[in-house]
Amino acid sequence: MKIIGFNGSPRKEGNTAWTINKILEGAKEQGAETQSWHFSDLDIKPCRSCWGCKNGDRGCVINDDMRKLYDALEQADALVLGTPVYMGQMSAQAKIFTDRLFASSQFSPRFSPYFKETNAARKKLIIVFTQGNPDADKFRLYFDYTKDMFQFLNFDVKEVVVVAGMRNEMAHERKDLYTVMKASGSSLVLE
Ligand SMILES: Cc1cc2nc3c(=O)[nH]c(=O)nc-3n(C[C@H](O)[C@H](O)[C@H](O)COP(=O)(O)O)c2cc1C
C-alpha cells in the first residue's frame, strides 16, 4: 500500500508536519510504503479556470510542480493531507492544491459536467488540522464541511484528526499524541 503525506503548512518542522509524520510512521510499521511532500517546497500555482484540463486528455495545462503531485497521486492508495487552521479554514497552500484536483478526472467534482464515473478504487484519506485554539470543536462545522467536500471529490475519508491547543506548546511535546497518531496510520493500512 502506498501512502502519501501532504503538508499544507509553510513550517516543515511544525505541528502539522509532525502529526503527518507520526501517522505515516504508524502506517509504515504495518508495511505501507510512504512518501511526503511539503507544498512550501513546490511551485504550485492557483487554478486559472481555463478549463483546458477538460479539453481532451491532457490534464492540467499549467506547467508547474503540481505535475509531480498528479503523478504521485495516481500511484497512491491513501493520502494524509494536513493543514494548520488559518483564519478558521485550511491554509492557502492546501486550498490551492485542492482546487488543482479539479483537473484530475478521478477527483473532478460531481457537479462538473465533465464528471465521469471511474472504476478506479477510491483513495483513502486522513485529513489533519492543527490549531492554536484549545477547543477541538471550535471549527467543527468547517471540518465536517471539508470532510464532505473531499467525499464529494471521490475520496474515502477515514478520519479528520484535530490537534488543538498549539499556542504555547508544539505537537511533539504532547506525548499523548504519539500512540494516537500512530494508531491512525496503522488503521489506514489495516481497515
Ligand atoms: C496566519 C495564521 C492564522 C491562524 N489562524 C488560526 C485560527 O483561526 N484559529 C486557530 O486556532 N489557530 C490559528 N492559527 C494558529 C495555527 O493554526 C497553529 O499554530 C498551527 O498548529 C500551526 O501549524 P504548523 O506548526 O504546522 O505551522 C493561525 C496561525 C497563523 C500563522
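Everything numeric in this text was worked out from a predicted model, so none of it was measured. Just so you know, ligand 1 is whichever comes first in the structure, and atom 1 is the first atom listed for that ligand. Position 1 is the first residue of the sequence, and the numbers go up from there.
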Check your understanding: Can E29 and K182 be counted as an ion pair, charged N to O under 4.0 angstrom?
Key -> yes
Check your understanding: Any Lys/Arg nitrogen of R140 or D137 sitting under 4.0 Å from an Asp/Glu carboxylate oxygen of the other?
Key -> yes
Give every pair made of an N or O atom of ligand 1 and a protein N or O atom lying under 3.5 Å apart, one pair per line with both atom names and the distance to 0.1 Å, or write 'none'.
unit_1, atom_1, unit_2, atom_2, d
ligand 1, 5 (N), V85, O, 3.3
ligand 1, 5 (N), M87, N, 3.0
ligand 1, 8 (O), M87, N, 3.1
ligand 1, 8 (O), G88, N, 2.9
ligand 1, 11 (O), G132, N, 3.1
ligand 1, 11 (O), N133, N, 2.8
ligand 1, 12 (N), G132, N, 3.1
ligand 1, 14 (N), V85, O, 3.3
ligand 1, 17 (O), V85, N, 3.4
ligand 1, 17 (O), V85, O, 2.7
ligand 1, 17 (O), T130, O, 3.4
ligand 1, 19 (O), M166, O, 3.4
ligand 1, 21 (O), N15, ND2, 3.0
ligand 1, 21 (O), T130, OG1, 2.8
ligand 1, 23 (O), T130, OG1, 3.3
ligand 1, 25 (O), R11, NE, 3.2
ligand 1, 25 (O), R11, NH2, 2.6
ligand 1, 25 (O), N15, N, 2.8
ligand 1, 25 (O), N15, ND2, 3.2
ligand 1, 26 (O), S9, OG, 3.3
ligand 1, 26 (O), N15, N, 3.3
ligand 1, 26 (O), T16, N, 2.8
ligand 1, 26 (O), T16, OG1, 2.6
ligand 1, 27 (O), S9, OG, 2.7
ligand 1, 27 (O), R11, NE, 3.1

Check your understanding: Once the angle between the rings of F155 and F107 is folded into 0 to 90°, is it parallel (under 30°), tilted (30 to 60°) or perpendicular (over 60°)?
Key -> parallel
**Study point:** Aromatic ring proximity, centroids under 6.0 angstrom, Y178 and W18
**Key:** yes
Review point. Is K54 positioned over the aromatic face of F102, cation under 6.0 angstrom from the ring centre and no more than 45 degrees off axis?
Key: yes
Exercise for review: Using a strict 4.0 Å threshold on nitrogen-to-oxygen distance, state whether D71 and R67 make a salt bridge.
Suggested key: no
